[in-house]
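Heads up, the thing below is written out as structure tokens.
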Amino acid sequence: KKLLYFSHSEIWVYYLEDILIQPYKKTGEKELLTRLSQEIQKAIWYPETNEHIIFSVGQTIKIAELDNRDIRNTVDFLEAKAGQIAYDKKTEKLYFVENGKLYRVSLK
């Protein structure tokens, strides 16, 4: 229903279908999730909800919610210079590579 894409400084969501629960979205609507001065290395869906984005920027892994009613919540989850991040739904772990080493952390 949604497509996530990002550039060096922006993260966007493109809606492939109407979202009929709040916050409502129309097919073809594009939404800017964030614009940053630092380079975004990677952005992925948090597949447990598909309502949150996990992304790495600078020395931080951040998590942002899609819901933009009132204020969009974005938190600094972990201090790590992680160029690569991946979430394994089976183990419920976030994996990231920092300085050539593989790490994992639970989000639950």
Side-chain angles (χ1 to χ4, degrees):
K1 295 183 178 186
K2 301 174 274 222
L3 177 68
L4 170 69
Y5 62 101
F6 66 99
S7 68
H8 291 295
S9 60
E10 299 176 337
I11 300 175
W12 290 82
V13 175
Y14 179 80
Y15 292 89
L16 302 169
E17 297 178 13
D18 288 347
I19 304 297
L20 303 175
I21 58 173
Q22 288 192 7
Y24 303 108
K25 301 295 178 185
K26 295 284 187 192
T27 302
E29 188 174 334
K30 293 188 288 186
E31 180 178 10
L32 176 63
L33 185 73
T34 192
R35 179 178 289 133
L36 302 167
S37 60
Q38 292 179 302
E39 182 179 354
I40 298 165
Q41 287 97 22
K42 184 77 173 174
I44 61 172
W45 289 109
Y46 175 55
E48 298 293 325
T49 65
N50 282 332
E51 295 296 324
H52 297 84
I53 308 296
I54 304 167
F55 61 100
S56 59
V57 59
Q59 301 283 340
T60 309
I61 296 174
K62 297 178 177 273
I63 300 176
E65 66 179 355
L66 286 185
D67 191 341
N68 63 349
R69 294 175 292 172
D70 194 24
I71 297 173
R72 185 183 318 268
N73 291 311
T74 301
V75 296
D76 292 353
F77 175 68
L78 185 66
E79 290 294 320
K81 186 174 174 71
Q84 293 294 321
I85 56 176
Y87 184 81
D88 182 6
K89 193 172 182 178
K90 184 177 177 182
T91 63
E92 299 179 334
K93 304 277 190 229
L94 176 69
Y95 292 85
F96 63 95
V97 176
E98 181 180 33
N99 297 324
K101 295 181 182 177
L102 178 65
Y103 296 91
R104 72 176 179 198
V105 63
S106 176
L107 295 182
K108 291 195 170 201

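The shown structure was predicted, so the numbers you read here are calculated from the model rather than taken from an experiment. All heavy atoms count here, side chains included; hydrogens, waters and symmetry mates do not.
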Closest non-hydrogen atom pair, Ser56 against Ala82:
OG-O, 2.8 Å
Side-chain heavy atoms under 4.5 angstrom apart, residues restricted to Ile, Leu, Val, Met, Phe, Trp, Tyr: same cluster for Trp45 and Phe6?
yes
How long is the gap from CD on Glu29 to OH on Tyr24, to the nearest 0.5 Å?
13.5 Å
Any side-chain heavy atom of Lys25 within less than 4.5 Å of one from Lys1?
no
Ile44 reachable from Val75 in the ILVMFWY side-chain graph, under 4.5 Å edges:
yes
Indicate the atoms forming the closest heavy-atom contact of Ile54 with Ile85, along with that distance.
O-CD1, 3.6 Å
Exceeds 12 heavy-atom contacts within 6.0 angstrom, atom CZ of Arg72:
yes
In terms of heavy-atom contacts, Lys2 and Val13 come closest through CB-CG1, 4.0 Å
Shortest non-hydrogen contact between Thr34 and Leu36, atoms and distance:
OG1-CD2, 3.6 Å
Would a distance-only check, ignoring hydrogens and angles, find a side-chain to backbone donor-acceptor pair under 3.5 Å from Ser9 to Arg35?
no
I need the Ile63 CD1 to Asn73 CG distance, nearest 0.5 Å.
11.5 Å
Shortest non-hydrogen pair, Ser7 vs Ile40, comes out as O-CB, 3.9 Å
Between Glu98 and Lys81, is there a side-chain N and carboxylate O pair less than 4.0 Å apart?
no
Do the non-hydrogen side-chain atoms of Tyr46 and Leu107 ever get within less than 4.5 Å of each other?
yes
Aromatic rings Phe96 and Tyr103: how do their planes relate, parallel, tilted or perpendicular, breaks at 30° and 60°?
parallel
Are Ile61 and Val105 connected in a single hydrophobic cluster, I mean Ile/Leu/Val/Met/Phe/Trp/Tyr linked by side-chain heavy atoms less than 4.5 Å apart?
yes
What is the distance from atom OH of Tyr95 to atom CZ of Arg104, rounded to the nearest 0.5 Å?
5.0 Å
What closest approach, in Å, do Ile53 and Ala43 show between heavy atoms, and which atom pair accounts for it?
CG2-CB, 4.3 Å
Determine yes or no for a side-chain-to-main-chain donor-acceptor pair under 3.5 angstrom, with Asp67 supplying the side chain and Arg69 the backbone.
yes
Kindly indicate whether the side chain of Gln41, heavy atoms from C-beta on, has any atom under 4.5 Å from the side chain of Phe55.
no
Connected via hydrophobic side-chain network under 4.5 Å: Leu3 and Trp12:
yes
Measure the shortest side-chain to side-chain distance between Glu65 and Glu51 over non-hydrogen atoms and say whether it is less than 4.5 angstrom.
no
For residues Leu78 and Leu94, determine if any side-chain heavy atom of one lies less than 4.5 Å from a side-chain heavy atom of the other.
no
Determine, step by step, whether Thr60 and Glu79 satisfy the side-chain contact (heavy atoms from CB on, under 4.5 Å) criterion, reporting the C-alpha distance in whole Å, the side-chain angles of both residues, the deciding distance to 0.1 Å, and the verdict.
CA-CA 5 Å; Thr60 309; Glu79 290 294 320; 3.4 Å; yes
